[in-house]
2 protein chains.
Amino acid sequence: MDSAVTSTGPLGPSLAAPLVGRLAIVGIGLIGSSIIHACKARGIAGTIVAIDRDPAVLERCAALGLGDERTGDLAGVAGADLVVLCIPVGAFAAVAEAMGPHLKPGAIVSDVGSVKGSIIAQTRPHLPAGTHLVPAHPVAGTEYSGPDAGFATLFQRRWCILTPPEGTEPAATALVEGFWQAMGANVEIMSAEHHDRVLAITSHVPHLIAYNIVGTAADLETVTESEVIKFSAGGFRDFTRIAASDPTMWRDIFLHNKEAVLEMLGRLNEDVAILSRAIRWGDGDTLFDLFTRTRAIRRGIISQGQDAAEADFGRRHAEGAEGAAGNPTSDKPAGA
Amino acid sequence: MDSAVTSTGPLGPSLAAPLVGRLAIVGIGLIGSSIIHACKARGIAGTIVAIDRDPAVLERCAALGLGDERTGDLAGVAGADLVVLCIPVGAFAAVAEAMGPHLKPGAIVSDVGSVKGSIIAQTRPHLPAGTHLVPAHPVAGTEYSGPDAGFATLFQRRWCILTPPEGTEPAATALVEGFWQAMGANVEIMSAEHHDRVLAITSHVPHLIAYNIVGTAADLETVTESEVIKFSAGGFRDFTRIAASDPTMWRDIFLHNKEAVLEMLGRLNEDVAILSRAIRWGDGDTLFDLFTRTRAIRRGIISQGQDAAEADFGRRHAEGAEGAAGNPTSDKPAGA
């Protein structure tokens with residue numbers, strides 16, 4: 001390695017010049033803090049302003065060294081070239097209204113929200129003429145929340161979807177695209193409406209189902225909660241992982257992507273009805289066909305780097321899995 | 001480390017004497033091969049006979065050194081003190097019938113099937129008097145199948161449920177209990193009926209729902225399969241992991257645990273209906289309450305060692321996650 005490149009970090013060498021002079025991040029949770037880590041690691045922004053209304057979060061930011069400046073006041077967006085709102089989907093109207101008057105001419109407003117149609121509708125009316133709105137959604141995350149949960153490589157090789165409304169200045173879109181690419185993400189551009197439908201099936205409905213099944217299990221009269229926990233290795237524990245996500249964030253997602261979520265839930269219910277009947281009638285072929293088909297999608301996800309191929313059996317991967325880590329590629333069913 | 005204890009492996013030192021003189025494993029898939037690895041690692045059995053009807057599987061066993069003896073013939077159970085059937089739930093009647101006449105007096109027959117009531121009903125009529133049936137279900141696994149997928153520590157700190165029918169010889173139950181404990185498992189004893197209900201909610205229905213949601217996603221007209229794969233990091237990929245499990249095994253589970261699975265699906269549907277209405281009516285409190293409640297179950301699972309606390313974001317844990325591995329404990333929602 002060239003010893004002159006002293007600043008090479010996990011995301012690669014720093015940029016020759018910052019893409020963004022002054023960057024304001026509003027809401028320092030998992031995503032907001034990860035953006036700050038990534039921007040710092042690659043020199044993507046000249047100055048980073050960390051804004052959060054919660055004094056406890058700002059205190060953690062100070063302890064973690066997150067942000068060159070920190071404030072609880074939305075007036076902190078003043079002078080920012082790019083403002084990224086990392087807040088629950090339900091908070092956009094109020095935050096945009098409070099922030100709007102402080103934006104400098106030419107400022108670009110972006111976000112990381114999981115629903116795009118509603119965010120555009122909430123935000124746009126409050127942005128002064130001469131500013132730009134380029135909504136974004138990095139499809140990345142963990143089940144943890146808060147400023148301590150962030151890390152610089154969260155977005156690496158993950159997709160970030162931009163949904164610029166018609167008429168958006170191409171240069172503004174290009175800047176946000178470059179911003180995410182510099183953090184290691186792949187960028188795709190689509191309409192807000194299509195985004196909300198795609199995410200309903202790849203993210204929102206899976207979370208709702210996971211929350212639901214964990215809730216149902218906790219309410220059964222015939223099976224104790226202690227049994228559910230003990231025997232969770234049979235598949236249930238994978239649901240609890242995503243059912244541990246931030247409640248406020250997810251409540252807002254469902255309230256603001258109502259139509260697409262209800263449409264996908266309807267489809268799911270039809271398919272559950274078909275499966276239930278196959279079980280009731282002892283129709284093994286229908287079950288086997290479905291169970292075979294779904295493996296192909298899993299293979300696509302692994303081959304495109306969106307999940308690890310290693311067997312997951314609920315332990316640190318380093319811990320006593322010499323065989324599992326080495327031989328996870330067999331796809332053959334047991335023969336007997 | 002004491003240099004005299006040369007045989008200390010990942011499961012601890014070998015037993016002073018084998019628990020089982022002659023052990024026959026029928027069906028060398030993920031579970032069967034893991035049992036062989038674990039028994040070898042701790043000296044649990046004197047001689048291990050690996051039995052599989054598929055010549056390709058036996059060939060892999062030979063290459064991997066699995067089993068002291070290998071055969072495709074169920075007569076291979078002759079002389080075994082303990083026979084463990086590691087076969088799909090639908091295969092028990094035929095295998096028990098073919099194997100029964102070869103069992104020696106006093107032999108204990110056990111298994112690893114995911115449904116217990118049906119297995120007892122299928123197996124019991126074919127066992128000669130003087131032999132013992134002690135059904136077992138190790139609640140452990142990965143999404144991989146076949147003899148290459150097994151490893152010695154799979155059962156460590158996992159639960160194994162025994163469901164001895166009423167009247168079972170206590171000594172036979174005790175031997176099977178000791179067998180699983182020697183492989184590192186915790187043992188719990190319950191009725192087959194209760195087992196089938198507990199597993200319906202902790203394992204069978206989660207798998208059915210995962211298969212279902214992956215299937216629904218693949219069939220949508222408005223969202224392409226390529227989009228589903230690209231944006232799977234939003235939650236969907238966790239479902240594809242368990243929807244990649246062995247199709248034959250799972251088909252049989254649903255056909256043989258029909259009543260409990262349909263009962264739990266019914267409960268789940270009621271709860272989905274309540275959630276759908278909350279979304280339709282914009283009732284955020286109902287959603288928030290559920291999403292908060294489910295976190296507690298997750299905490300129970302982690303504190304009881306049934307899953308790792310590390311953030312899972314679909315990559316090798318060693319790869320570029322310095323922050324995530326170190327700080328996964330924050331439970332605070334974003335404050336802004």
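Below, read A as the first sequence line, B as the second, and so on, with proteins coming before strands; counting in each chain starts at 1.
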Using a cut-off of under 4.5 Å for heavy-atom pairs, which of [options] has the most such pairs with chain B?
options: A:G300, A:A278, A:A243, A:G90; answer: A:A243
options: A:H256, A:E188, A:M249, A:H37; answer: A:E188
options: A:T222, A:L85, A:D252, A:I31; answer: A:T222
options: A:E225, A:H204, A:H137; answer: A:E225
options: A:V139, A:L58, A:V261; answer: A:V139

Part of [X] lying under 4.5 Å from any heavy atom of chain A:
X: B:L262; result: side chain
X: B:M190; result: side chain
X: B:V205; result: both
X: B:I297; result: both
X: B:L265; result: side chain
X: B:S245; result: backbone
X: B:I161; result: side chain
X: B:I279; result: both
X: B:I209; result: side chain

Taking atom CZ of A:R158 and atom OG of B:S232, what is their separation to the nearest 0.5 Å?
7.5 Å
Is there side-chain contact between [X] and [Y], with at least one heavy-atom pair below 4.5 Å?
X: B:L208; Y: A:F291; answer: yes
X: A:P206; Y: B:D238; answer: no
X: A:D219; Y: B:R293; answer: yes
X: B:L220; Y: A:M264; answer: yes

Can a donor-acceptor pair be found, under 3.5 Å and without considering hydrogens, that links the side chain of [X] to the backbone of [Y]?
X: A:R298; Y: B:R237; result: yes
X: B:R295; Y: A:T240; result: no
X: A:T294; Y: B:V214; result: no

Heavy-atom pairs under 4.5 Å with chain A: which of [options] has the most?
options: B:D285, B:L287, B:V272; value: B:V272
options: B:S303, B:G215, B:S34; value: B:G215
options: B:W250, B:F231, B:W281; value: B:F231

Restricting to non-hydrogen atoms, name the atom on [X] and the atom on [Y] that form the minimum distance, rounded to 0.1 Å.
X: B:I201; Y: A:A217; result: CG1-CB, 3.7 Å
X: A:Y144; Y: B:I302; result: OH-CD1, 4.3 Å
X: A:I242; Y: B:G235; result: CD1-O, 4.2 Å
X: A:K230; Y: B:W159; result: O-CD1, 3.1 Å
X: A:G284; Y: B:L255; result: CA-CD1, 3.8 Å

For A:H194, is it the side chain, the backbone, both, or neither that has a heavy atom closer than 4.5 Å to a heavy atom of chain B?
side chain
Which atoms of A:L268 come close to chain B, meaning under 4.5 Å heavy atom to heavy atom: side chain ones, backbone ones, both, or neither?
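Answer is both: backbone and side chain atoms of A:L268 are under 4.5 Å from chain B.
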Residues that B:F239 engages under ring-ring contact (aromatic ring centres under 6.0 Å, His included), provided they are two or more places apart:
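Residues passing ring-ring contact (aromatic ring centres under 6.0 Å, His included) with B:F239: A:F239.
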Given B:F236 and A:I301, is the side chain to side chain contact (heavy atoms under 4.5 Å, CB included) satisfied, shown in steps?
CA-CA 10 Å; B:F236 187 77; A:I301 288 174; 4.2 Å; yes
Residue pairs fulfilling side chain to side chain donor-acceptor pair (under 3.5 Å) with at least one residue in residues 261-273 of chain B, sequence neighbours excluded:
A:T216-B:D271, A:E221-B:R267
